Amino acid sequence: MENTPHTIAEVPHITEYKYFLPKSGIGNNEPQEQKTRTNSIVIIGANGSGKSQLGAWMEKNRLNEVHRIGAQRSLKFSTYVPQKSYEQATKYLLYGDENKQINHDARWGKEFLNGNYVPQYTTGLLNDFEHALSAILAKLHNEQREYIINCKQHENDHMPHDPVPTMVVDILVEIWKQVFPHRQISLNDGKVMAIMECRDEPIEYEGKAMSDGERVALYVIAQALAIPESKTIIIDEPELHLHRSIMNRLWKAIEKQRPDCLFIYLTHDTQFAANHTRSDKIWAKSYDGNNWTWEIVQESELPEQLLLDILGNRKPVIFVEGANGSYDFTLYSAIYKNYYVIPCGSCIEVIERTKAMKKAAQLHHLEVFGIIDRDFRSDIEIAALEQYNIFSLKIAEVENLFITQEILGIINQYLALADETAIDRIMNFVMRTKYANMKNQQIRLASISEIKYQLSILDISDTQTDEEVLLAIKEIDLENIRAIITSKYQEADGKYMDILLILNDKSIVNSIGHFFGLNDDKYCDLVLRLVHGEKEAAIREALNPYLPSEIPFEIDTNPIAI
C-alpha cells in the first residue's frame, strides 16, 4: 500500500492514505484502491463476517507495505531482550525470519493438513514480542550512535552540538505515561522494568511480570514504533486484554506518533469503533468463504455506536422505553424473541430513533418498530405516530400489562390457589382504591397532555402576526377537551380493563404482591421469570390483545439478504 502521505493540492495540509479492499459482493476479489484522509480505519463486523480473513487478504495483496498484528498473539518475553541489529530485528518482526520471506509464511507458522503444510494466516500464534523489543533497542542504539557521531563532528568543527533529540524509547515511555499515568516503564541494559507508584515507596517489577493489559500495551507500542516508515498496520481485535478506559487512549497516542502509517482495526466491539472518533468506519457485512460484502458506514441521525450495533444485527429492530433491566426491556425481550430489542430510555427517544432509522438508507434492509406506553395520548396522536411504525400499547403503560386479568389468572394458577379471591381483591383494590382516589388528578393530567399535543400541531409560521398566533391558540377548545376526557374517565368506573387503558400509575404493580401471599416487590420478578421460562407461551398469548398487532411475534428468522 502506497501510504507515503502527500499534500492534497486543493486542500492544504490534509494527507491522503491509500489502501486496498476486495470488490464488495461476488467478484474476482480484484484489489480496489480506496483513499482516506485520516490515518485510522475501523472495520467492524459480527463474528463470522470474515474480518480476520479480510485482514489476511489485505496483507497478502500488499506484502511489502502491510504489517498485520493477528488476534492470536503471545505476550511472553524473556527477562533480557535479545540483542540484534535493527536490520536483523525488523526482518524477524516483519517476516518471521532473518531472510525476507516472499509470503511471510515463517511469521505465521504452518500446520500439516491433508498431506501439506498450510500457512496459519488467521489462526497461527504470533510469537514476535521479543522481535519488536529487539527492534526498539536496536533502533535506539542507531539513534544514539548517530547523535554521538553528530556531536563529534560538531566538536571537531569547534561548534556547539545539538541538544539530545527525542529518541524511540522516549516516545515509548511518553505513550506509556498517557495510558498508565501511575506506572513507569524503562528499557535499560536490555531489560524491561515497570514501576508502580505507591504511598510508601515505588514497587519495581520485571516486565514479564506485568499484567496482561500492561504487556499488550507494551507489545503494540513496540510494534508500532519499531516498523519502518509508511506502513499500513492492520490490528485484529485491538481491544484484546485492554480495559475500556485505556483502549482508545492507547491507540490514539500511537497513531499520533506514527502519522506516516495507516492503522486499520478489525473488531466486533461497537464501543471501541464508536469511541474511535475521526476515523473511517467500514461495515463488514458478510463473507461466503470467497467473497466479502462490505460497505462504508454513512452518517446517520442515530448515535454512532447504536448505528454500528444495528448494522451488525440481522433481526428486525424494536425500540422500546426503559433501560437494560427495566420492565419494558425485560418483558419485550422475552415476548419478541426474534427481534433486536433496544431500550432507549424515554418515549421521545423511541420516537426519534425509530424515525431516524427509517430515514437511514444504510438500514433499509431491516424493519424497524417503536413501542411506547399509551400514557395520556389521544387516538388522533396515536394514529399520527403509527405512520412511522411507532405503536402504542392498548393499555396505559407497560406496568399495567402485569395486572391484566389474564396475567393475574396465570399467576393465580401457578401458585395453585384454591379460588380467585386474590384476583377479585386486586381488581377491587385497583378500581375502588387507586382509581377512585386518582381519577380527578388523572383527568387533569390527561387534559394537559391533550392541550400540549394540540399546541404542537398548530399550523403557525414566523410570518404570522402576534394576533394571528393568539387567534390560532384560542381555537383550541379547552372546555371541550376537559369535558370529553372527564366523560371517558367517568365511563370507566367499575370497568377494570377500561381503567387499565387510562390509568397511569406505575406504583400499582408494586402494591399487589401481598394479595397472592408474595412480597410486593417480588411480584413483577415472578412474572418476568415465568415469561422467560415455563409460562412463556401462556404469557405471550395473554398479552397479545394489549400489544401492537402490527408487530407479529413470529417472523422469518433466516438472515435477511443484504
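Side-chain atoms are counted along with the backbone in the values below, which use heavy atoms only and exclude waters and symmetry mates. Just so it is clear, the structure is predicted and the values come from calculations on it, not from any experiment. Residue numbers run from 1 in the order of the sequence given.
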*Starting from the C-alpha separation in whole Å, work towards a yes-or-no answer on salt bridge (Lys or Arg N to Asp or Glu O under 4.0 Å) for Glu352 and Lys355.*
CA-CA 5 Å; Glu352 291 181 351; Lys355 289 180 178 179; over 6 Å; no
*May I have the step-by-step check of side-chain contact (heavy atoms from CB on, under 4.5 Å) for Leu93 and Gln223, ending in yes or no?*
CA-CA 8 Å; Leu93 181 61; Gln223 288 267 353; 3.6 Å; yes
*Could you walk me through whether Tyr265 and Phe272 pass the ring pair (Phe, Tyr, Trp, His ring centres under 6.0 Å) check?*
CA-CA 10 Å; Tyr265 304 98; Phe272 169 83; 5.5 Å; yes
*Run the side-chain contact (heavy atoms from CB on, under 4.5 Å) check on Asp269 and Arg244 step by step: do they pass?*
CA-CA 10 Å; Asp269 189 325; Arg244 291 198 180 279; 3.0 Å; yes
*Going through the distances and angles, do His276 and Glu255 end up as a side-chain contact (heavy atoms from CB on, under 4.5 Å)?*
CA-CA 11 Å; His276 212 71; Glu255 290 167 19; 2.6 Å; yes
*Check the pair Tyr332 / Ile371 against side-chain contact (heavy atoms from CB on, under 4.5 Å), numbers first and verdict last.*
CA-CA 9 Å; Tyr332 293 141; Ile371 298 180; 3.6 Å; yes
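Judged by distance alone, the side chain of Arg183 and the main-chain N or O of Ala194 form no donor-acceptor pair under 3.5 Å. No side-chain donor-acceptor contact under 3.5 Å links Arg68 to the backbone of Ile234. With hydrogens and angles ignored, the 3.5 Å screen pairs no side-chain donor or acceptor of Ser186 with any backbone N or O of Asn188. Between the Glu143 side chain and the Met167 main chain, no donor and acceptor come within less than 3.5 Å of each other. At least one donor-acceptor pair under 3.5 Å links the side chain of Trp294 to the backbone N or O of Pro22. Judged by distance alone, with hydrogens and angles left aside, the side-chain atoms of Asp128 form no donor-acceptor pair with the main-chain N or O of His131 at under 3.5 Å. At least one donor-acceptor pair under 3.5 Å links the side chain of Glu130 to the backbone N or O of Ser78. Listed for the Asp280 side chain is no donor-acceptor partner under 3.5 Å among the backbone atoms of Ile41. The main-chain N or O of Ser245 is found under 3.5 Å from a side-chain atom of Arg249 such that the two form a donor-acceptor pair. Judged by distance alone, the side chain of Asn29 and the main-chain N or O of Asn290 form a donor-acceptor pair under 3.5 Å.
Considering only residues two or more places apart in sequence or on other chains, Glu174 meets the salt bridge (charged side-chain N to carboxylate O under 4.0 Å, His left out) condition with none of them. Taking Glu299 as the reference, nothing meets the side chain to side chain contact (heavy atoms under 4.5 Å, CB included) condition, with sequence neighbours excluded.
Counting only heavy atoms from C-beta outward, the side chains of Lys191 and Thr79 approach each other to under 4.5 Å. Within the 4.5 Å cutoff, no side-chain heavy atoms of Met357 are placed close to those of Leu306. Side-chain atoms of Leu21 and Ile282, non-hydrogen and from C-beta on, do get closer than 4.5 Å to each other. At least one side-chain heavy atom of Thr267 sits less than 4.5 Å from a side-chain heavy atom of Val42. At a threshold of 4.5 Å between non-hydrogen side-chain atoms, the residues Val164 and Tyr147 count as touching. Looking only at side-chain heavy atoms (C-beta outward), Ile335 and Phe553 come within less than 4.5 Å of each other. Ile372 places a side-chain heavy atom less than 4.5 Å from the side chain of Glu321. Residues Ile149 and Lys152 have side chains not in contact (no heavy-atom distance under 4.5 Å, counting atoms from C-beta outward).
Nearest heavy-atom pair, Pro343 versus Gly322, reported as atom, atom and distance to 0.1 Å: CB-O, 3.3 Å. In plain terms, the two heavy atoms of Val66 and Met58 that are nearest each other are CG2-O, 3.8 Å. The shortest heavy-atom contact between Gly190 and Leu137 is CA-CD1, 3.8 Å. Counting all heavy atoms, side chain and backbone alike, Leu172 lies closest to Ile136 at CD1-CG2, 4.4 Å. Among all heavy-atom pairs drawn from Ala274 and Gln305, the shortest one is CB-CB, 3.5 Å. Contact detail for Ile203 and Cys198: the closest heavy-atom pair is CD1-SG, 3.5 Å.
Distance check: Lys359 NZ to Leu302 CG gives 9.5 Å after rounding to the nearest 0.5 Å. Taken to the nearest 0.5 Å, the OG atom of Ser74 stands 5.5 Å off from the CG atom of Leu125. Here Leu133 contributes atom CG and Gln83 contributes atom CD; the two are 10.5 Å apart, rounded to the nearest 0.5 Å. Here the CD1 atom belonging to Ile551 is positioned 5.5 Å from the CZ atom belonging to Phe369, to the nearest 0.5 angstrom. Of the inter-residue distances, the one linking Glu536 atom CD with Lys337 atom NZ reads 4.0 Å to the nearest 0.5 angstrom. To the nearest 0.5 Å, atoms CE (Met247) and CG (Leu240) are separated by 10.5 Å.
Within 6.0 Å of NZ in Lys23 there are 12 or fewer heavy atoms belonging to other residues, nucleotides or ligands. Counting heavy atoms of neighbouring residues, nucleotides and ligands inside a 6.0 Å radius, atom NE2 of His141 does not exceed 12 of them. Summarising the local packing, CD of Glu146 is surrounded by 12 or fewer heavy atoms from other residues, nucleotides or ligands at distances under 6.0 Å.
Under the ring pair (Phe, Tyr, Trp, His ring centres under 6.0 Å) criterion, the residue pairs touching residues 177-205 are Trp176-Phe180, with sequence neighbours excluded. Listed by first and then second residue, the ring pair (Phe, Tyr, Trp, His ring centres under 6.0 Å) pairs involving residues 209-246 are Phe129-Tyr219 (not counting sequence neighbours). Identified under the ring pair (Phe, Tyr, Trp, His ring centres under 6.0 Å) test for residues 303-331, with sequence neighbours left out: Tyr327-Phe402. Applying the side-chain hydrogen bond (donor to acceptor under 3.5 Å, both in side chains) definition to pairs two or more places apart or across chains, those involving residues 43-56 are Ser52-Asp236.
Partner of Asp157 under the side chain to side chain donor-acceptor pair (under 3.5 Å) criterion, chosen from His154, His161, Gln153: Gln153.
Counting only N and O atoms by type, the side chains of Asn389 and Glu367 include no donor and acceptor under 3.5 Å apart.
Contact check on Glu87 versus Lys91 returns a salt bridge, with a Lys/Arg side-chain nitrogen under 4.0 Å from an Asp/Glu carboxylate oxygen.
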